[in-house]
Amino acid sequence: MPLNLASIRQAPKAVLHDHLDGGLRPATVLELAAQCGYDQLPAQDAAALGNWFRDAADSGSLERYLETFAHTTAVMQTADGLRRVARECALDLAEDGVVYAEVRFAPEQHLQRGLSLDEVVEHTLAGFREGEQLAADAGTPIRVVCLLTAMRHAARSLEIAELTVRWRDRGVGGFDIAGAEAGYPPSRHLDAFEYLRANCAHFTIHAGEAFGLPSIHEAVAFCGCERLGHGVRITDDITDSESGPVLGLVANYVRDQRIPLELCPSSNVQTGAVPSLEKHPFDLLARLRFRVTVNTDNRLMSDTSMSREMLKLVDTFGYGWSDLERFTINAMKSAFIPFPERLRIIDELIKPGYAVLLG
Ligand SMILES: [Zn+2]
């Protein structure tokens, strides 16, 4: 089967790093803004608004990129808004052939109209369940697990860690910290990570995107994260030599421990973490046998999908179906669900799906 957008959409895919507030449909942003009286949107029709998000995100600065979220989170402050956005997220991922998704968002950013943290989680999970049901009815079943994010510049991470543990058997799979990296090292939130570890809860940390190796070092060595959100700057600890790449202490540790890298090719270029897709270290890291995974990050801001991210990698690095299968199995091995459930998805959905495409 030739590799193109249509055929990749048929392949079973898994995404570990996708932001709920970064994946809204432009038309939904407009409709929800009208419903809740939010009048700050920079454009008034769906196509223009979609372009505005992409252009703002293309600016090359993580801070500017993060500004776009003021508009999406503004329309996700009510039960109906959260539910609809979560439902459509599940449907859009499923329609793209994603069979397993971990979707994250920061409940603390959805309290402006009086919802409590628990209510925010409750309505979002209800939306995911509705989306899963509709997707199953449409013949594109998907499982969606929610990750709760704490903002790294704020001081609510312990509270969000507690929220994660409180909801973990009801649709929440783990915890994350996100937001501007510089000046806000992960070790600021050590109490949250200690609480999670004491409760045997899963967590990932955005690290090594805008900021370099010290951020990754803290995330893995001080905080004990199971996965790295992006982690592209692990390349700061890999040097070239005549006999090939040489790994430093942190890079070796990340590879030895099989710590998954949640790489997001388009987003990494947009935020300036890497200069271009051609210079993205995805392929270097894959060849060095790091546990690389392919992710979307923010489908709205990057105007992308899992299939498009995979196609970009195929076009840039010449990957074939067996590579895409390997990246997908890497993601499932790293999922924040119980081991037998990961295996079931690998054995019953992913391997048979790629077997058909491999011919
Ligand atoms: Zn992210």
Side-chain angles (χ1 to χ4, degrees), residues 14-24 53-54 56-73 76 85 89 93 98 101-110 124 144-154 157 160 164 173-182 184-186 189 202-212 215-216 219 223 225-234 259-274 280-282 292-306 308-309 331 334-336:
V15 61
L16 301 179
H17 192 130
D18 185 272
H19 291 264
L20 184 65
D21 49 334
L24 285 74
F53 274 107
R54 197 195 51 227
D58 265 338
S59 65
S61 133
L62 180 63
E63 282 72 19
R64 179 85 201 280
Y65 187 96
L66 295 174
E67 268 176 43
T68 57
F69 293 91
H71 298 299
T72 55
T73 54
M76 297 166 67
V85 170
C89 170
L93 290 169
V98 175
E102 291 183 7
V103 180
R104 62 188 74 193
F105 81 116
E108 69 199 67
Q109 294 192 305
H110 302 272
T124 304
V144 181
V145 169
C146 185
L147 307 186
L148 301 185
T149 295
M151 299 311 291
R152 48 201 317 154
H153 58 269
S157 50
I160 303 304
T164 303
F175 173 88
D176 164 48
I177 59 169
E181 259 186 282
Y184 301 104
H189 305 280
H202 296 294
F203 59 96
T204 176
I205 295 180
H206 275 77
E209 181 186 16
F211 203 65
S215 184
I216 297 178
C223 307
C225 67
E226 289 165 80
R227 305 195 312 232
L228 282 165
H230 305 289
V232 279
R233 296 285 295 275
I234 194 71
I259 295 174
L261 302 175
E262 303 164 359
L263 299 169
C264 309
S266 294
S267 168
N268 296 154
V269 174
Q270 277 187 308
T271 59
V274 299
H280 197 292
F282 189 99
V292 295
T293 65
V294 185
N295 300 276
T296 46
D297 210 12
N298 300 296
R299 287 171 286 114
L300 169 63
M301 287 73 179
S302 298
D303 189 20
T304 197
S305 63
M306 272 302 287
R308 286 192 204 166
E309 291 303 295
S334 316
F336 288 165

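Numbering of residues begins at 1 and proceeds along the displayed sequence. When reading the values below, keep in mind they use all heavy atoms of this one structure, side chains included, and skip hydrogens, waters and symmetry mates. Counting starts at 1 for both ligands and their atoms, following the listed order.
Between Asp18 and Thr296, the side chains place a donor N or O and an acceptor N or O closer than 3.5 Å (distance only, hydrogens not considered).
In this structure, NE2 in His110 is found 5.5 Å from CZ in Phe105, a value given to the nearest 0.5 Å.
The only option from Asn295, Asn298, Asp297, Thr293 that meets the side chain to side chain donor-acceptor pair (under 3.5 Å) definition with His17 turns out to be Asp297.
Aromatic ring orientation, His19 versus His206: tilted (interplanar angle from 30° to 60°).
Nearest heavy-atom pair across Arg227 and Thr204 is O-OG1, 3.1 Å. Across all non-hydrogen atoms, the minimal contact from Thr149 to Arg104 is OG1-CB, 3.7 Å.
Under 2.8 Å from the Zn ion (ligand 1), one finds the following protein N/O/S atoms: His17 NE2, His19 NE2, His206 NE2, Asp297 OD1.
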